[in-house]
Amino acid sequence: GVRVDGTTRLMGIIGDPISQARTPQAINPIFAGKGADIVCVPLHVPADDLATVWAGLKAMPNLIGFGVTLPHKQIVPQLCDSLDPLAARIGAVNVVRREPDGRFRGYQFDGQGFVRGLIAQGVVLQGRDALMIGAGGAAVAIAFALQQAGIARLVVANRTFDKAEALARAVNEATGTSFATAGAPTPESGQLVVNATSLGLNDSDPLPLDVSMLQAGMTVAEVIAKPEITALLRAAEQRGAAIHSGIHMITGQVSLIADHMIAALG
Ligand code: NDP
């Protein structure tokens, strides 16, 4: 179990609402298993009170950092003392860590967590082509991480096409490549198909793409973690594709964040 005493370091997770946060129950057993004297607790922080809370968090030396969830991800970069280059490129922060000099530095692990989840499940990325539906915050992070992970080419499809084009341009400019292209989903566009939209959270949502293009040999991966098996994954499985739930993105991320926090203990 988790042991807490006067020397325990505190990690928070800030959001509004916060009751849906899965980080505390996922990360505390990892800290305990690694013998790290850190406990993670949910902190309910309404958007209007973020600046007030921020000053308080900063003032507590035994707080080693915190996760950041909705609605704070895009505001927190402005409050951080410094940003990891990837977080700066993406324009969103999901982890803040107190660095040895006491300053708060912002990081973004959504994309790396997604990739770590795929690798943990044995999905091959090196040299494969990928198709991603979506161009929001999660999609931007995933596009950078797929490029880093050795995916050969990425086609980005999105309801708002301008956002797909902007995403592809941002990744290509930052990496000096022609890795990403905005385009329509076709069976030729990727052996790895990623749903990075919010479609699938609700039963009534339409499917994010025409599932008749899915076939054996493809891997269809989700960012949606709840439900664990979305309508898209069910359809993909029926058509013979391998499927990868959004829960692996959470697992992958939490293990990365745990390592990142433990490293700050020195
Ligand atoms: P954003 O709001 O930034 O982006 C939403 C995306 O979904 C956009 O591409 C948007 O298209 C698309 N979309 C939404 N509704 C529709 C619709 N009716 N038809 C077509 N496209 C639609 O959200 P995020 O990127 O921050 O998050 C996306 C999802 O990722 C969330 O559901 C979240 O739960 C999940 N997520 C999961 C994580 C995990 O660890 N498993 C971590 C982070 C996020 P358009 O641009 O046209 O509006």
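All ligand and atom numbering here is 1-based and tracks the order in the structure.
Using a 4.5 Å heavy-atom threshold, the side chains of L232 and L214 count as touching. The side-chain heavy atoms of V96 and V68, taken from C-beta on, include a pair separated by under 4.5 Å.
The 12-atom threshold is exceeded at CD of E99, counting heavy atoms of other residues, nucleotides or ligands nearer than 6.0 Å. Heavy-atom neighbours of R153 CZ from other residues, nucleotides or ligands within 6.0 Å: at or below the threshold of 12.
Near I224, the atoms of ligand 1 lying under 4.0 angstrom from a non-hydrogen atom of the residue are 32 (O). Set against the non-hydrogen atoms of G246, the atoms of ligand 1 under 4.0 Å away are 41 (N). Remark: ligand 1 atoms within the under-4.0 Å shell around heavy atoms of L201 are 32 (O). Atom numbering of ligand 1 starts at 1 in the shown order; those under 4.0 Å from a heavy atom of G134 are 9 (O).
Protein heavy atom closest to atom 43 (C) of ligand 1, with residue, atom name and distance, is D110 OD1, 3.8 Å. Distance from atom 37 (C) of ligand 1 to its nearest protein heavy atom, with residue and atom name: V223 O, 3.2 Å. At the shortest separation from atom 15 (N) of ligand 1 among protein heavy atoms lies R159 NH2, 3.8 Å. The protein heavy-atom contact nearest to atom 5 (C) of ligand 1 is S198 OG, 4.1 Å. Annotation: atom 47 (O) of ligand 1 to nearest protein heavy atom, T160 OG1, 2.5 Å. Residue, atom and distance of the protein heavy atom nearest to atom 39 (C) of ligand 1 are M249 SD, 3.4 Å. What sits closest to atom 24 (P) of ligand 1 on the protein, heavy atoms only, is A138 N, 3.8 Å. For atom 46 (O) of ligand 1, the closest non-hydrogen atom on the protein side is K163 NZ, 2.7 Å.
For the residues N158, V140, T23, the heavy atom positioned nearest atom 8 (C) of ligand 1 is part of N158. When the options A139, A92, G137 are ranked by their closest heavy atom to atom 23 (O) of ligand 1, first place goes to G137. Counting only non-hydrogen atoms, the option in L199, T197, D162, L209 that gets closest to atom 20 (C) of ligand 1 is L199.
In this structure, atom 2 (O) of ligand 1 is not in close contact with the protein, since no protein heavy atom lies within 4.0 Å of it. Remark: atom 29 (C) of ligand 1 lies closer than 4.0 Å to at least one protein heavy atom.
Within the 4.0 Å heavy-atom criterion, the part of A135 lying near ligand 1 is the backbone and not the side chain.
Between the D205 side chain and the N202 main chain, a donor and an acceptor come within less than 3.5 Å of each other. A donor-acceptor pair is defined here as one N or O able to donate and one able to accept, closer than 3.5 Å; such a pair exists between the side chain of S245 and the backbone of E228. Checked by atom type and distance alone, the side chain of R239 pairs as donor or acceptor with a backbone atom of S212 at under 3.5 Å.
The stretch residues 78-124 participates, sequence neighbours left out, in these ring pair (Phe, Tyr, Trp, His ring centres under 6.0 Å) pairs: W54-F104, F66-F104, Y107-H260, F109-H260.
Nearest heavy-atom pair across A152 and D129 is CB-OD1, 3.6 Å.
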Donor-acceptor pairs under 3.5 angstrom involving side-chain atoms of residues 161-172: please list them, not counting sequence neighbours.
| from | atom 1 | to | atom 2 | distance (Å) |
| --- | --- | --- | --- | --- |
| N172 | OD1 | F179 | N | 3.1 |
| N172 | OD1 | A180 | N | 2.9 |
| N172 | ND2 | A168 | O | 3.3 |
| N172 | ND2 | A180 | O | 2.8 |

Evaluate salt bridge (charged side-chain N to carboxylate O under 4.0 Å, His left out) for D81 paired with K58, printing each intermediate quantity in order. CA-CA 11 Å; D81 299 312; K58 195 90 187 281; 3.0 Å; yes
